[in-house]
Amino acid sequence: MENQTNNNSVPAEESPQIANPLLKRAFMFLEDGNWESADEYCEKVLDQNPEDAYAYLGKLMAELKVGRKETLADCEQPFSDSSNYQKVLRFGSKALIQEVEEYHKSAIERLHKEFAQLREKIAPYQNALQGMICCGRNHFVGLRADGRVVAAGDDLGDQDFNVQDWRDIIGITAVGDDTFALRSNGTVTKELHEDENENNWYGIFEEHRQEIKRWKNIVAISGGGNGFMGCGHIVGLRADGTVVAAGNNNNGQCNVEAWHDIVAIAAGTNHTVGLRSDGTVVSTKYSRKDDIFARDQVQDWRNIIAIAAGKHTVGLRSDGTVAITGGDGDRPFDRNQIREWRDIVAIAAGEFHVIGLRSDGTAVAPEVNRYYGSKCDVEDWRNVVAITAYGENSAALCANGSVIVGDNLYEGDVQKWDLFGSGGIDGCIEHFKARKARAEKAEAERKAAIERAEAERKAAEEKARAAAEKRRQEKITALEAERTDLQARVLAVQDELANLKGLFTGRRRKELEEKTAEIMSRLHEISKELKTLGAKR
């Protein structure tokens, strides 16, 4: 409510309060950009009058690093949550309140317009942005635009994360305490913990090292499982739309070898989901006594453009709404809340929680039963361009390249991150474009190599076929010549038989009859051979 003592306040340049030397000094400090001194002098004014609206205005300007109150309209973030702004509204005059509210309204409108323009610019690269951050069970990983990687959190007691030497990385994911990276050459590597090396991995993927190292032409990776007691698997999407998987397969989560025409993958806690190019979804089967997850739960989904998975499966439709199913044995939240979401541009799922990214850069998450402890308080997230979740953890990538995490324990460790670098988000998009161009070139070369190999195969087959045909024709010609000769010999023998006379011709007749039988047997064989060779009669 408006304070009665300030009803007659006037704008700062006319206000009797501005005559206060301390307040006048404070505003002079603001003009000079001396924010600390400005705040200090405003505090001195408030010591004299704790309801001085202009002192709170000065503190607000110092907080936002604004030299003139008119430039509040140019702030890079909304300031309605600022206690100083709220006290200006509480103690200010109607004129001052109206003026400051107009500045805030102008700032909001400008920020919304700018973010809408940014959203339009980054929309084609949403999946790439989503791939720049990931969570593990107790750590967070960031992929810089230049292909290097940063990490923070608890690395099983190691002093450092062994990702600092990674280069040319285009994708990251985590499974429990393990971090995986997708190289630009389409192969996959894993962060090496203490006592591990390239030839010896421990834990969930100890038996799958060679299998994963053999993966080729991978364009996306996704990690699933919760990392406990061997529960974990990693899935890779190949450039040709087929899928590979390795790790725990107790629930069939790695049974993806028959999938094709896949454009996106999501590894859940105990299952794997694939998005087809036609907007439909395929899932592995997962069932247990109190939780049934079957393929038919997603078979009716249509117009899906993105997927995520935890204990459940989540699909983002092209109209900005969200579908969710599965996880029937665990109900940490009301799924109808998610079905009511609108204007969503990206989704992420942890084991027991789901996050949606709105087109205005804010995030939404359903209220989670505290029993599950998921860290998904996202109400204060602003200017977000990508989101991720795993286990109980959540994280967001902001338009300035900074990262927000849902775990206060590690928040300080990631505050220094700038994933976009000096080029900002525009530079990052250029990296994406260059990466896409390289990928398209590599894919074109791969297809060209396949086409060349196919052409060479067909040419070799044609050559072999022609050679075989030539041999067949030569064989037919030889057989037919032999048949003609044999037929002539038969006629000659038959003529001789017909002319045999006298009492002493029996032996000769027998010889001729045997010879005739021999010739006829051979003619029969020739006929069979010619028939086999497909010769015309």
Side-chain angles (χ1 to χ4, degrees), residues 115-134 141-150 163 165-173 180-189 215-222 235-244 260-266 274-279 304-307 316 318 345-346 357 359 385-388 397-401 403 417-455:
F115 198 88
Q117 293 171 342
L118 175 64
R119 166 53 53 194
E120 184 176 357
K121 182 190 300 184
I122 67 177
Y125 309 99
Q126 186 62 54
N127 289 339
L129 289 167
Q130 291 285 104
M132 294 185 72
I133 50 173
C134 73
V141 188
L143 172 59
R144 290 183 171 136
D146 61 5
R148 294 182 296 161
V149 177
V150 291
V163 299
D165 294 329
W166 284 354
R167 296 292 184 274
D168 297 321
I169 304 301
I170 61 172
I172 51 175
T173 193
F180 289 87
L182 172 60
R183 300 186 185 98
S184 60
N185 65 1
T187 61
V188 177
T189 187
W215 289 1
K216 304 294 182 186
N217 300 318
I218 303 298
V219 295
I221 53 176
S222 179
V235 186
L237 172 62
R238 293 194 188 102
D240 63 0
T242 59
V243 182
V244 289
H260 59 88
D261 200 28
I262 303 298
V263 296
I265 50 175
L275 173 62
R276 297 190 186 98
S277 61
D278 63 359
I304 302 297
I305 60 173
I307 51 176
L316 173 61
S318 57
V345 296
L357 173 61
S359 64
V385 295
I387 54 176
T388 189
L397 173 62
C398 298
N400 62 0
V403 175
W417 290 1
D418 178 5
L419 300 187
F420 296 152
S422 59
I425 196 166
D426 288 332
C428 187
I429 289 175
E430 291 304 314
H431 278 289
F432 291 157
K433 289 180 179 178
R435 182 199 302 174
K436 182 179 179 181
R438 289 194 298 270
E440 288 176 346
K441 181 181 178 182
E443 179 63 8
E445 291 174 350
R446 185 186 71 84
K447 288 182 177 179
I450 293 174
E451 289 174 358
R452 284 196 302 273
E454 181 66 11

* Is Asp146 salt-bridged to Arg144, cutoff N-O under 4.0 Å? ->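 Between Arg144 and Asp146 there is no salt bridge, as every charged N stays at least 4.0 Å from the carboxylate O atoms.
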* **Electrostatic pair Arg446-Asp240, nearest N-O below 4.0 angstrom** =>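 Salt bridge absent between Arg446 and Asp240.
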Are the side chains of [Y] and [X] in contact, using a 4.5 Å heavy-atom criterion?
X      : Y      : result
Val403 : Leu419 : yes
Val244 : Ile218 : yes
Arg148 : Ile169 : no
Val149 : Ile172 : yes
Phe180 : Val141 : no

Out of curiosity, [X] [atom1] to [Y] [atom2], how far, rounded to the nearest 0.5 Å?
X      : Y      : atom1 : atom2 : answer
Ser184 : Ile170 : OG    : CD1   : 6.0 Å
Phe420 : Ile429 : CZ    : CD1   : 8.0 Å
Leu275 : Ile262 : CG    : CD1   : 7.5 Å
Ile221 : Ile265 : CD1   : CD1   : 8.0 Å
Ile387 : Leu397 : CD1   : CG    : 11.0 Å
Phe432 : Met132 : CZ    : CE    : 5.0 Å

* Asked: Are side-chain N/O atoms of Thr189 and Arg183 paired as donor and acceptor at under 3.5 Å?
  ->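 Yes.
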* Asked: Are more than 12 heavy atoms from other residues, nucleotides or ligands located less than 6.0 Å from atom CD of Glu454?
  ->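 Count over threshold, so yes.
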* Could you tell me which non-hydrogen atom of Arg435 sits nearest to which non-hydrogen atom of Ala128, and how far apart they are? =>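 Heavy atoms only, the tightest pair is NH1-CB, 4.4 Å.
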* Arg119: what forms a side-chain hydrogen bond (donor to acceptor under 3.5 Å, both in side chains) with it, not counting sequence neighbours? ->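 Partners of Arg119 under the side-chain hydrogen bond (donor to acceptor under 3.5 Å, both in side chains) test: Gln126.
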